[in-house]
**Q** 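Could you have a look at this structure, given as structure tokens, before my questions?
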Amino acid sequence: MAARIERQFQSLRRSLRRKKRQLAEDDDEASTSTSKRRKVSESEVDPELPEIQDPPPPPSSPSALITTPPSAMRLFAGSKFAGMAARAADGASDAIEDLDLFYFRQLAISLKDYDIQQKIDLEIKMREGTTKLLAACKREAQTLEAAKNLLTSDARVLAYMAELQKRKAEEYSCKRSTENGGKGSSTPCKGKVSVSDIRIPLLWGVNDHIKNRGDHHRYAVFCLIRIGHEIFDTQLVTNIDRTETDVNFDDTIVFENVPSDFTCTLEVYSYNLHNDMTIASTPQKIRRKIESFSNSVGRSMGRKLQATLSNAGVNDENQSNKSPKGPKFSLVARTRLRLEDVNAQIKTHDMELEKDDSTPHQLPLFGNFCCRLAAQPHCMNHEVASGFLDVQEVVCGLPNWRRLWCTLRESKLSIWRNPEDVGFRLPVNCICVTKDTTVRLSEMDNAKRPHMFVILGQSSNDEEQHLFSADNESELEEWMGGFHQLFIDMGTWKQACESRMHIRSPLPRRATIDAPRPRKGSLYDEMTIS
């Protein structure tokens with residue numbers, strides 16, 4: 001048996017040497033016959049391959065904008081790199097990736113979107129550094145963290161590329177609408193969205209969790225959260241086994257400048273830690289069988305068997321060290337959250353479980369998860385309109401006008417004596433603006449105050465009426481435009497404009513991966529069974 005393995009090894013060694021010599025000869029041929037390839041006639045070129053031409057003119061339709069760059073193999077076929085491209089069939093994806101990145105860089109320059117271009121370049125550098133780091137990692141925690149960062153960088157690059165194509169198509173549609181004489185309309189304000197308190201329950205069997213036997217696998221888990229082209233990752237949680245009832249993430253993810261029609265995609269990735277298959281976790285019955293089998297084998301045969309197994313283990317270890325790919329995380333679940341899921345409290349949401357046939361043991365998920373999805377529209381944090389107004393007050397049954405400072409913010413009109421009192425003192429009066437509130441120009445004919453408007457609202461089954469007067473026509477238009485914008489924002493953001501939701505600032509990441517996690521209460525205790 002050992003002789004046969006030695007013969008196979010020598011045969012493999014000879015074939016690798018022949019392949020190496022062939023590659024060296026092809027390199028010499030490619031470097032010495034460059035001028036000959038340039039004189040190749042058209043009859044010798046594959047008719048299916050396109051000729052290399054000058055860059056095409058700017059596209060004239062959206063369908064021409066969203067196209068894939070030409071294939072690297074066909075582009076190189078008529079150039080001096082023809083022999084190299086034919087040889088590097090296995091590395092063709094790298095060449096195609098380089099062409100894709102060049103194409104999207106040029107697209108970013110044409111759009112003058114240097115922010116996206118800088119982000120793409122940064123992620124490419126991060127990806128190159130992470131790949132080198134992944135090949136040099138020795139510890140399991142470092143390898144897992146590097147693989148997670150590599151997956152995150154790939155997802156961000158793809159998202160930035162898709163965003164560039166989307167912006168190019170939007171630029172074309174805006175030009176067409178301008179040529180057709182289209183007029184812009186008021187758009188809802190953008191806002192801030194945060195995702196926090198993520199808890200994912202695990203579905204273990206009765207023997208696994210309660211009787212502490214059965215499934216002995218350990219898992220490493222993290223999440224990718226995306227809104228638009230912005231992607232954030234959570235911390236990597238490792239050593240998830242049958243003693244855990246749920247996976248907790250302490251991260252607070254905050255997205256800025258989010259439109260009201262956003263879609264928040266949360267993806268859960270896991271990796272099965274196969275290296276923890278020690279004899280200590282093997283059931284007693286299997287251990288006794290292995291010991292009885294080792295005792296029944298002779299001493300000489302046992303030595304040969306031990307040497308063979310040890311050599312195989314060393315070869316596998318060397319192969320794993322040479323491979324720069326590292327751990328491969330699998331997508332196990334995903335969900336999409338929208339504006340209707342926004343709430344100030346932690347709520348339970350459904351998840352779509354993903355099946356990966358290449359992974360025999362996946363993280364057992366319950367099919368639900370908990371998180372807090374909060375939103376803060378800009379109208380809740382910034383003043384929509386502000387300035388001095390003449391406010392009518394009724395004193396002893398008689399109307400009286402006072403000049404006060406007014407601010408329209410957080411779905412209410414706050415009235416102050418002076419601008420310096422804002423944020424330091426309580427307002428003199430506060431008028432809540434709801435969807436039932438009406439703001440219109442006053443029908444009263446007052447020569448001294450021609451720029452009046454009235455706010456009509458409901459309070460205790462009675463209609464309230466508040467009169468205000470601006471100094472001139474431009475200020476009146478500014479206030480009416482502010483109320484109009486506020487009504488648009490309230491109708492679009494809905495429950496997010498009813499009260500200001502608190503959004504916590506993101507906490508700094510922990511430096512150590514293997515730090516012990518504080519034990520939280522089980523999520524099963526908080527769930528109600530109907």
Side-chain angles (χ1 to χ4, degrees), residues 66 68-69 93-94 96-105 107-108 113 115-134 143-167 193-195 198 200 219-238 247 249 251-258 262-271 324-338 351-356 358-359 362-363 365 369 371 373 506 509 513:
I66 309 176
T68 305
S93 59
D94 297 335
I96 294 175
E97 181 180 358
D98 294 338
L99 285 176
D100 290 345
L101 296 176
F102 175 77
Y103 169 79
F104 284 103
R105 282 195 185 100
L107 185 60
D113 200 335
D115 183 29
I116 296 290
Q117 181 184 358
Q118 291 177 357
K119 290 181 178 180
I120 291 178
D121 294 339
L122 176 62
E123 293 301 330
I124 292 172
K125 294 179 181 178
M126 291 290 294
R127 188 181 186 279
E128 293 175 355
T130 305
T131 304
K132 296 178 181 179
L133 179 62
L134 185 60
T143 305
L144 292 173
E145 190 69 24
K148 178 181 83 77
N149 295 335
L150 186 61
L151 190 149
T152 305
S153 296
D154 291 342
R156 285 174 178 168
V157 170
L158 293 177
Y160 294 152
M161 291 178 177
E163 180 66 17
L164 281 176
Q165 290 186 336
K166 178 182 176 182
R167 292 185 182 182
V193 177
S194 73
V195 182
I198 302 175
I200 305 175
Y219 299 91
V221 188
F222 77 96
C223 297
L224 284 184
I225 305 174
R226 170 179 176 175
I227 295 182
H229 66 280
E230 295 292 336
I231 297 179
F232 292 93
D233 59 329
T234 63
Q235 288 185 344
L236 181 66
V237 181
T238 58
V247 186
F249 297 95
D251 304 80
T252 299
I253 309 298
V254 179
F255 296 89
E256 302 284 349
N257 297 323
V258 177
F262 70 91
T263 299
C264 178
T265 304
L266 187 144
E267 297 177 344
V268 182
Y269 290 87
S270 72
Y271 175 71
K325 296 182 179 180
K328 181 181 179 182
F329 284 89
S330 301
L331 176 64
V332 294
R334 82 169 75 221
T335 186
R336 292 176 176 85
L337 304 177
R338 296 177 176 83
M351 301 189 75
E352 300 177 5
L353 302 182
E354 301 287 340
K355 292 184 179 180
D356 189 1
S358 61
T359 305
Q362 286 190 351
L363 184 69
L365 297 179
F369 82 105
C371 76
L373 181 66
R509 294 289 181 92
I513 304 176

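Residues take their numbers from the sequence shown, with the count starting at 1. Computed from heavy atoms alone, side chains included, the values below leave out hydrogens, waters and symmetry copies.
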**Q** Decide yes or no on side-chain contact (heavy atoms from CB on, under 4.5 Å) for Ile200 and Leu363, but give the supporting numbers first.
**A** CA-CA 11 Å; Ile200 305 175; Leu363 184 69; 5.9 Å; no

**Q** Nearest 0.5 Å please: distance from the CD atom of Glu145 over to the OG1 atom of Thr130.
**A**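 Separation between the atoms: 10.0 Å.
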
**Q** Between Leu134 and Ala147, what is the shortest heavy-atom contact and its length?
**A**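 Closest approach of Leu134 to Ala147, heavy atoms only: CD1-N, 4.0 Å.
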
**Q** Please check: side-chain N/O of Arg226 versus main-chain N/O of Gly228, any donor-acceptor pairing under 3.5 Å?
**A**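 Yes.
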
**Q** Could you go through Ile120 and Leu164, starting from their C-alpha distance and side-chain angles, then the distance that decides it, and tell me whether this counts as side-chain contact (heavy atoms from CB on, under 4.5 Å)?
**A** CA-CA 11 Å; Ile120 291 178; Leu164 281 176; 3.8 Å; yes

**Q** So which of Leu266, Ile253, Leu337 actually passes side-chain contact (heavy atoms from CB on, under 4.5 Å) with Cys371?
**A** Leu337

**Q** What's the shortest heavy-atom distance between Phe329 and Leu144, and which atoms?
**A**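 Closest pair (atom of Phe329, atom of Leu144, distance): CE1-O, 3.8 Å.
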
**Q** Check whether any side-chain heavy atom of Thr131 sits under 4.5 Å from a side-chain heavy atom of Leu150, and report yes or no.
**A** yes

**Q** At their closest point, which heavy atom of Leu224 faces which heavy atom of Ala155, and how far apart are they?
**A** CD1-CB, 4.2 Å

**Q** Between atom CD of Glu230 and atom CG of Asn257, what is the distance when rounded to the nearest 0.5 Å?
**A**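 If I round to the nearest 0.5 Å, the distance is 9.5 Å.
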
**Q** Should Val193 and Val254 count as side-chain neighbours, where that means a heavy-atom distance under 4.5 Å?
**A** no

**Q** Given His229 and Ile116, is the side-chain contact (heavy atoms from CB on, under 4.5 Å) satisfied, shown in steps?
**A** CA-CA 10 Å; His229 66 280; Ile116 296 290; 3.9 Å; yes

**Q** For the atom pair CG (Asp121) and CD (Gln118), what is the distance rounded to the nearest 0.5 Å?
**A** 8.0 Å

**Q** Do NZ/NE/NH1/NH2 and the carboxylate oxygens of Glu352 and Arg334 come within less than 4.0 Å?
**A** no

**Q** Would you mind reporting whether Asp251 and Ile198 have side-chain heavy atoms less than 4.5 Å apart?
**A** no

**Q** So does Glu163 pair up with Lys119, basic N to acidic O under 4.0 Å?
**A**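 Salt bridge between Glu163 and Lys119, a charged N being under 4.0 Å from a carboxylate O: no.
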
**Q** Could you measure the distance from the CE atom of Met161 to the CD atom of Glu123? Nearest 0.5 Å is fine.
**A** 11.0 Å

**Q** Measuring only between side-chain heavy atoms, which start at C-beta, is Thr335 closer than 4.5 Å to Thr265?
**A**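 A side-chain contact under 4.5 Å is absent here.
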
**Q** Do Val221 and Tyr269 make a side-chain contact, defined as non-hydrogen atoms from C-beta onward lying under 4.5 Å apart?
**A**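 Heavy-atom side-chain distance check fails, nothing below 4.5 Å.
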
**Q** Is any side-chain heavy atom of Asp233 closer than 4.5 Å to a side-chain heavy atom of Asn149?
**A**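 Yes, their side chains come closer than 4.5 Å.
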
**Q** Answer yes or no: is there a side-chain heavy-atom contact under 4.5 Å between Leu331 and Val268?
**A** no

**Q** Search all heavy atoms of Phe369 against all heavy atoms of Met351 and return the closest pair with its distance.
**A**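 Distance-wise, the nearest heavy atoms are CD2-CG, 3.2 Å.
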
**Q** Side chains of Phe255 and Ile225: does their closest heavy-atom pair fall under 4.5 Å?
**A**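 Result yes, sub-4.5 Å side-chain heavy-atom pair found.
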
**Q** To the nearest 0.5 Å, how far apart are NZ in Lys328 and OH in Tyr271?
**A** 11.5 Å

**Q** What distance separates Met126 CE from Ser153 OG, expressed to the nearest 0.5 Å?
**A**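 One gets 5.5 Å once the value is rounded to the nearest 0.5 Å.
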
**Q** Ring centroids only, cut at 6.0 angstrom: are Phe222 and Phe249 within range, meaning strictly under it?
**A** no

**Q** When you check the gap from the basic side-chain N to the acidic O, do Lys125 and Glu128 get nearer than 4.0 Å?
**A**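 Salt bridge: no.
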
**Q** Is a side-chain donor or acceptor of Tyr219 paired with a backbone partner of Gln362 at a separation under 3.5 angstrom?
**A**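 Yes: the side chain of Tyr219 pairs with the backbone of Gln362.
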
**Q** Between Val332 and Glu354, does the side-chain contact (heavy atoms from CB on, under 4.5 Å) criterion hold? Intermediate values first, please.
**A** CA-CA 5 Å; Val332 294; Glu354 301 287 340; 5.7 Å; no

